[in-house]
Amino acid sequence: MTYKRGIDQLPIPPKDARVQNVTCDFCIVGCGYKAYSWDLSKQGGTAPGENAFGVDLSKQQETESPTWYQPSMYNMVQQDGRPVHLIVKPDQDCVVNTGLNSVRGGRLAETRYSEQAGTMVDRLTHPLIWRYSQHMPSSWDDALSLVADVTRRVIEEWGEDGIIVSAFDHGGAAGGYENTWGTGKLYFESMKIKNIRIHNRPAYNSEVHATRDMGMGELNNSYKDAELADTIFCVGANPLENQTNYFLAHWVPNLRGTTLVEKKRRFPAEAHAPAKVIIVDPRRTVSVNACEYEAGKENVLHLAIKPGTDLVLMNALLTEVVAQGWHARDFIAQSTSGFDTAMQANRTSVKDAAEITGLAPADIQKAAKWIAEPKAANQPRRTMMCYEKGLIWGNDNYRTNAALANLCFATQNVGREGTGCVRLGGHQEGYVRPPGDHVGRPASYVDQLLIKGEGRIHHIWATDHFKSTLNAEEFRRVYRRRTNLVKEAMDSVSYGDHAAQVDAVMNAIRQGGLFSVDVDILPTPIGQACHVVLPAATAGEMNLTSMNGERRLRLSEKYMDPPGEALPDCLIAARLANHLEQSFQGAGDTETAKRFQGFDWQREEDAFMDGYHKHADGGKYVTYERLRAMGTNGVQEPCIGFDGARLIGTERLYTDGRFGTDDTKAHFKTAQWRGLQAAGREEQRKQFRFLINNGRKNMIWQSAFYDLRVPFVRERFPLPPIEMNPNDMALIGVAPGDLVEIHNDVGSTQAMVYPMENAREGECFMLFSSPLGQVGNIVSAHTNELVLPNYKNVWADIRRIGRAPQADGISFKALEYPTEI
Amino acid sequence: MLRDKQSLNQTRRSFFKTFATAGIATATAPYQTAKAGFRARVDYPSTRLANLRDLRINQPIDINYPDAESPGVLVRLGRKLSNGVGPDQDIVAYSTLCPHEGFRLIYDATDKTLNCPGHYSRFDTELSGQQIFGMCNQSLPQFSLYLDDKGDIFADGADELIYGRTSNVLEG
């Protein structure tokens, strides 16, 4: 059944409604929104003088109206202890999204905690402790005393390597500068935790080590550059679904040709045309469809490579560009090093590349031309290069990333307007921490340590290995066994005898048990295994700063109360530090106790000032007050000054040809092809029928933690979809909406069949990180040399289990826009 | 009733700001306006849209409901639907303002969908306007229909908020 709200009118914000700046919690684009809130007993009217927008709401509003709000943008929440109406709607004046909302950001209000409206009512409201054989609500002091005492005992017995930490390192909700600093100060300054990993991978490592080693940070341009580029070269990314409003507000105008005037204004001496776009992806995505619709098929080159062969394509493009003489000779000579060595090592002919990638030689040559052929003499093309998880979570991460950066340097597509070599990104960013050099490189493979019985206590911050790790079946099996040992020990002693509880926990730990603490906003699968669960506040319930994919820093303001006693993560870290200090003091270890000082923060702003303001590049100029004044447009990092009224930022990086290396030169790298790098994948490819490519879907944010609870989304995807070619479906006898098991030599998982006429035979695509069908179950533990997984190149067989629940009410029609109507 | 020129002429290039209003008002019965104040549901007019004779299978006709400012389509799909009306229970009606940004939706007869040229949202007319892909956080508003004994088709309600309004029945 198609879900209908049955709502046919909405309250109107009165003229004096409170208006605050909001940056969307979700993806890297960080669209600007405004939160309108007003007392529950009041409402505005339709006359212009009676509402917050100052417009006549008794009339039908025009297309792209800045004042319309959908039912999903409305809720009733608590603010300073009083119930208020809340509207969170996109901000027309924000240069990021120019008033657009994605399907995800459009439900910011609807995904807030509301006891009145019944939304997200299962948010964690109070600390939970395992006692009397279940999770019981308790006080912060009670919960943190237990965590601190067990943590101290573990340190005393095994040192800090006995502590395992899983923690976000990103911006937006469950992150941001306040919270990464809070956790960073605790684990990297008070302690020197080595065994730490990040929310979506099993180690504490960069997803883009190579480009950083080569001197180029991965977010180095402005969204404006997508409007100015001659060509957009997009590798392993699907921006319409994953960076929606970046695509809609910045790519599409260039594809349509509506930015030609601006291009001519900025570069009057150059030839201009609407942008061409090259998309490298084994899968035909809705992004390809949308580009064709907007730019015309003649201006879109979809390179549907064999999965995992991106490196070969990049090397062949580099070789072809240089062979044609289209490379940036002066830039290479002045601002780079290692060009000749890299060329020698990476040289790949178009013919060889065609064979390995499965592409037509002419298409590779065409791509090289679109990327690098000068527009005229002394008029190099402006090509924006971008990539995301298809490359990052794909085959041979480090070398492939390097091969793309080589192509960028060879064509000088960085530091110039209309260029850049950038990640498209997942979350926003918000990283400021004390140095983490002690973690080492390669970093500890944390999930394997846990499986091997190492680690005695596990601190988890907004991370769920159960949904998002690789080799997930084994991980869950071992994790439950180890945490159950501790649960049984805790059940055997009266909770009120604190010393006996801690002793019982320690005994169980010595026998292989694991004590586990989970900080999150909602109950999670891994949280069920934990002994202490701590409730965190999220964006909107705290002031939060982050930067988006063009390094745009904003303050997203607090507009409502957190549920119950939930706290911002930075303050949870601070209170835990306070309890650790007390615990060590109580044990007579004054020296260690001192290391946990400096956490007397009362508000998230205290964490911001202690962290970002003191430690971030340009942070000394930035305060909450100054950021608030910058509204939803904020300032692009690094901030380089304050003129008395406005913060001054940096539009793009490396404009002076100096890079982030010791000698300031961009370093080319050798990146030779070595086939499918992760051990066992080549054999798996031969053994199993289907590629199980995976990633995100437009409608679902991240691991569906909210969306599982949103009827509108749940109706479309009651289970994670797996897209299949109809011929493949016929081959194994499955119909649209069938529940299938996907199984291979590693494990098995489940999904719901979604037919895709345009899917290549033998290549399926499944939702990543779903709690109701984890791709990680069938991804083997093998990683690259820096512990980066290859989630994408996995092969498995598929068999029918039955019908998916609710499948008969789901539309399985094509996702693509019909370009012929 | 003919399809109005605006929707026929809406090509993929017609993305520039246009008023969502349809050109031709088709309401033949007077409609009530909602009374001031916030209530659970607004009162809808009962409006004649067409007669059964006007409908050909898979050929939508343009309508306006609940008032002239709110364009929609009435379509006979040729297949029994759970909430279809008419002798074959195959007649349905929808708003054609995309609930995302108010662009006029275009009917694709090949798969019986309504499609937004603004940001590619797609809605299934055979499944109560379920969004197949897109930017909206609601499915398409469907108009509830009934027939009288002369075969006249009336609309008398909507199940989602129509784009560009704070109330489905305007207070003007």
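Per chain, numbering begins at 1; letters A, B, ... match sequence-line order.
- With a threshold of 4.5 angstrom between heavy atoms, A:Thr244 approaches chain B through side-chain atoms but not through N, CA, C or O.
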Give the intermediate values and the outcome of side chain to side chain contact (heavy atoms under 4.5 Å, CB included) for residues A:Arg716 and B:Phe133.
CA-CA 10 Å; A:Arg716 279 292 290 158; B:Phe133 174 83; over 6 Å; no
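- If you measure heavy-atom distances from A:Asn289 to chain B, you find no contacts under 4.5 Å at all.
- At distances below 3.5 Å, not a single donor-acceptor pair connects side-chain atoms of A:Trp68 with backbone N or O atoms of B:Tyr163.
- Contact of B:Arg165 with chain A is made through backbone and side chain together, with heavy-atom distances under 4.5 Å.
- Contact of A:Lys59 with chain B is made through the backbone alone, with heavy-atom distances under 4.5 Å.
- Distance alone, capped at 3.5 Å, is enough to place a donor-acceptor pair between the A:Asn698 side chain and the B:Gly134 backbone.
- For the atom pair A:Phe812 CZ and B:Asp124 CG, the distance stands at 11.0 Å (nearest 0.5 Å).
- For A:Ile12, the part lying under 4.5 angstrom from a heavy atom of chain B is the side chain only.
- Heavy atoms closer than 4.5 Å to chain A are found nowhere in B:Thr110, neither backbone nor side chain.
- There is no contact between A:Val710 and chain B, counting heavy-atom distances below 4.5 Å.
- Judged by distance alone, with hydrogens and angles left aside, the side-chain atoms of B:His100 form no donor-acceptor pair with the main-chain N or O of A:Leu100 at under 3.5 Å.
- With a 4.5 angstrom heavy-atom cutoff, B:Cys116 touches chain A only via backbone atoms.
- Between chain A and the residues B:Glu126, B:Gln142, B:Gln131, the largest count of heavy-atom pairs under 4.5 Å involves B:Gln131.
- Heavy atoms of A:Ser102 lying under 4.5 Å from chain B belong exclusively to its backbone.
- Neither the backbone nor the side chain of A:Val713 comes within less than 4.5 Å of any heavy atom in chain B.
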Derivation of the side-chain hydrogen bond (donor to acceptor under 3.5 Å, both in side chains) call for B:Tyr44 and A:Asp8:
CA-CA 10 Å; B:Tyr44 285 85; A:Asp8 59 4; 2.6 Å; yes
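- Put simply, CZ on A:Arg104 and CG on B:Asn137 are 10.0 Å apart, with the number rounded to the nearest 0.5 Å.
- Here the CG atom belonging to B:Leu161 is positioned 9.0 Å from the CD atom belonging to A:Gln70, to the nearest 0.5 angstrom.
- Interface residue A:Leu248: only side-chain heavy atoms are found under 4.5 Å from chain B.
- Summarising the geometry, atom CE belonging to B:Met135 is positioned 8.0 Å from atom CG belonging to A:Asn245; distances are rounded to the nearest 0.5 Å.
- Distance CG/B:Leu140 to OG1/A:Thr2: 10.5 Å, rounded to 0.5 Å.
- Under a 3.5 Å cut-off, the side chain of B:Gln130 and the backbone N or O of A:Gly809 do form a donor-acceptor pair.
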Chi angles and distances behind the side-chain hydrogen bond (donor to acceptor under 3.5 Å, both in side chains) call for B:Arg41, A:Gln9:
CA-CA 7 Å; B:Arg41 296 274 295 175; A:Gln9 60 180 338; over 6 Å; no
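- Shown here is A:Gln116, whose CD atom has more than 12 heavy atoms of other residues, nucleotides or ligands within 6.0 Å.
- At a threshold of 4.5 Å between non-hydrogen side-chain atoms, the residues B:Phe123 and A:Ser811 do not count as touching.
- Among A:Pro71, A:Gly105, A:Pro818, A:Gly106, the residue making the largest number of heavy-atom pairs under 4.5 Å with chain B is A:Pro818.
- Heavy-atom pairs under 4.5 Å with chain A peak, among B:Ile162, B:Asp159, B:Asp111, at B:Asp159.
- Put simply, CG on B:Asn83 and NZ on A:Lys4 are 8.0 Å apart, with the number rounded to the nearest 0.5 Å.
- Heavy atoms closer than 4.5 Å to chain B are found in the backbone of A:Glu816, but not in its side chain.
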Let me see the working for B:Gln138 and A:Ser72 under side chain to side chain contact (heavy atoms under 4.5 Å, CB included), right down to the final yes or no.
CA-CA 8 Å; B:Gln138 63 191 57; A:Ser72 63; over 6 Å; no
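- The closest donor-acceptor contact from the side chain of A:Glu64 to the backbone of B:Glu101 lies at 3.5 Å or more, if one exists at all.
- The contact between A:Tyr754 and chain B is made entirely by side chain atoms (from C-beta outward), counting heavy-atom distances below 4.5 Å.
- With contacts defined as side-chain heavy-atom distances shorter than 4.5 Å, the pair B:Thr166/A:Tyr69 qualifies.
- No more than 12 heavy atoms of other residues, nucleotides or ligands sit less than 6.0 Å from atom CD of A:Glu820.
- Judged by distance alone, the side chain of A:Lys813 and the main-chain N or O of B:Arg122 form no donor-acceptor pair under 3.5 Å.
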Could you walk me through whether B:Asn115 and A:Tyr817 pass the side chain to side chain contact (heavy atoms under 4.5 Å, CB included) test, one step at a time?
CA-CA 7 Å; B:Asn115 298 275; A:Tyr817 188 82; 3.5 Å; yes
